[in-house]
Amino acid sequence: MRFLTLITVSISLLTGCALHNYGDDQFQLRMAAHGKDIMWVPTRIDTATQMLALAQVKSGDIVYDLGSGDGVIPIQAAKRYGVRAVGIEYNPDLVALSKRNAIRENVQNLVTFKQGDIFVEDFSSATVLTLFLGENLNLRLMPTILKMKPGTRVVSNTFRMESWVPDQEVSVRSSETTIGTLNETIYLWIVPANIDGSWEFAGLPNLDKTTIRFIQKKQFFDGTINSSGKRSIAFEDGRIRGEGIRFDFESNGKRYSFNGQVNGSQIKGTLNGDPKLLVTGKRL
Ligand SMILES: C[S@@+](CC[C@H](N)C(=O)[O-])C[C@H]1O[C@@H](n2cnc3c(N)ncnc32)[C@H](O)[C@@H]1O
């Protein structure tokens, strides 16, 4: 079913793309029917720029596009933000086209195009990852993506990752195609720090020797605060955004909001925005 959706979307996007002259005098879109796991369907330049804006690309970022086609996303990243960008592409003709495109846009010093398989090549140094691959391939990449550095921004054109709710989604365009209206949406995920497990916390009000058990599901978490001799407290709205962590709880009839930062096996933050109410945690 998903595959069928992908083919349908690909065909409809291609129908739109066919109006444009993608490629150059040596290699054009119609020659690239076969990628490895998915064929080449180009992201339009304006969608590429919106994807980079959604990722909030900034100086110092390293942008990787997985399955980089003609290189439009890495080239736009270098051109608009002056950042280093890498494309990994299986089809050697597309790698060669990307390199020619980079020279034409005068960003050849900032971009690298690598011929290779996205399921083999290392992209762990990316701070921004862009995808236009289909939901199945996104899903296959998901375990690797979740192990990337917390805070890495992942933007996908059109396709979601089934069990990972996006942190943000933006509808970029709807276009009329031969099969009806196609709504193009881009999705953003921020790789969450891993907090799953038990932590010892200090500084929570009226709660000595506190152990917190976090049960993490991607950027969300549940769990309980356990303090010796007291009833365990369930917290609410547990949320991680990169290294940022927040949750709410009630103790002695008073509500608290914790906001902090995860740094490996340490968590530091404050309650109710009060710098005097400092809370620290360490992984057990
Ligand atoms: C839908 S196109 C997207 C191209 C580009 N990212 C863009 O947004 O314009 C997918 C690209 O992935 C490439 N591809 C497919 N499977 C691949 C794999 N296993 N490793 C590397 N590239 C792959 C295809 O050749 C194709 O160029």
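In listed order, ligands and their atoms are each counted from 1. Please read these numbers as outputs of a predicted model, since none were measured by experiment.
- Heavy-atom proximity to G69, at under 4.0 Å, picks out these atoms of ligand 1: 4 (C), 5 (C), 27 (O).
- Ligand-side atoms of ligand 1 in range of S68: 4 (C), 5 (C), 6 (N), range being under 4.0 angstrom from any heavy atom.
- Close approach of ligand 1 to P42 (heavy-atom distance below 4.0 Å) involves ligand atoms 9 (O).
- The residue from D37, L131, V41 that puts a heavy atom closest to atom 2 (S) of ligand 1 is V41.
- Residue contacts with ligand 1 for D117 involve both N, CA, C or O and side-chain atoms from C-beta outward (heavy atoms, distance under 4.0 Å).
- In summary, the atoms of ligand 1 found under 4.0 Å from a heavy atom of Y90, numbered by their order in the structure, are 20 (N), 21 (C), 22 (N), 23 (C).
- Where the criterion is an N or O separation shorter than 3.5 Å, residue side chain and backbone included, E89 meets it with respect to ligand 1.
- In the vicinity of D65, heavy-atom distances shorter than 4.0 Å reach the ligand 1 atoms 5 (C), 6 (N).
- For N157, the closest heavy-atom approach to ligand 1 does not fall below 4.0 Å.
- Contacts between A48 and ligand 1, counted as non-hydrogen atom pairs separated by less than 4.0 Å, are absent for every part of the residue.
- In the vicinity of G116, heavy-atom distances shorter than 4.0 Å reach the ligand 1 atoms 20 (N), 21 (C).
- Between F249 and Y256, the ring planes are parallel. Angles under 30° get that label, and only those over 60° would be called perpendicular.
- The shortest N or O to N or O distance between W40 and ligand 1 is not below 3.5 Å.
- Relative ring orientation between Y64 and F123 is described as tilted, the plane-to-plane angle lying within the 30° to 60° band.
- Which parts of ligand 1 touch M39 is read off a 4.0 Å heavy-atom cut-off, strictly below it: atoms 1 (C), 2 (S), 10 (C), 26 (C).
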Please output the side-chain donor-acceptor pairs of residues 270-281 that fall under 3.5 Å, not counting sequence neighbours, one pair per line with the distance.
residue, atom, partner, partner atom, Å
N272, OD1, S257, N, 2.7
D274, OD1, K276, N, 2.9

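- Residue contact annotation: G87 has no non-hydrogen atom under 4.0 Å from ligand 1.
- Taking any N or O of V72, backbone or side chain, none lies under 3.5 Å from an N or O belonging to ligand 1.
- The nearest non-hydrogen atom to atom 12 (O) of ligand 1, considering only G134, G71, G35, G67, comes from G67.
- Heavy-atom proximity to I73, at under 4.0 Å, picks out these atoms of ligand 1: 8 (O).
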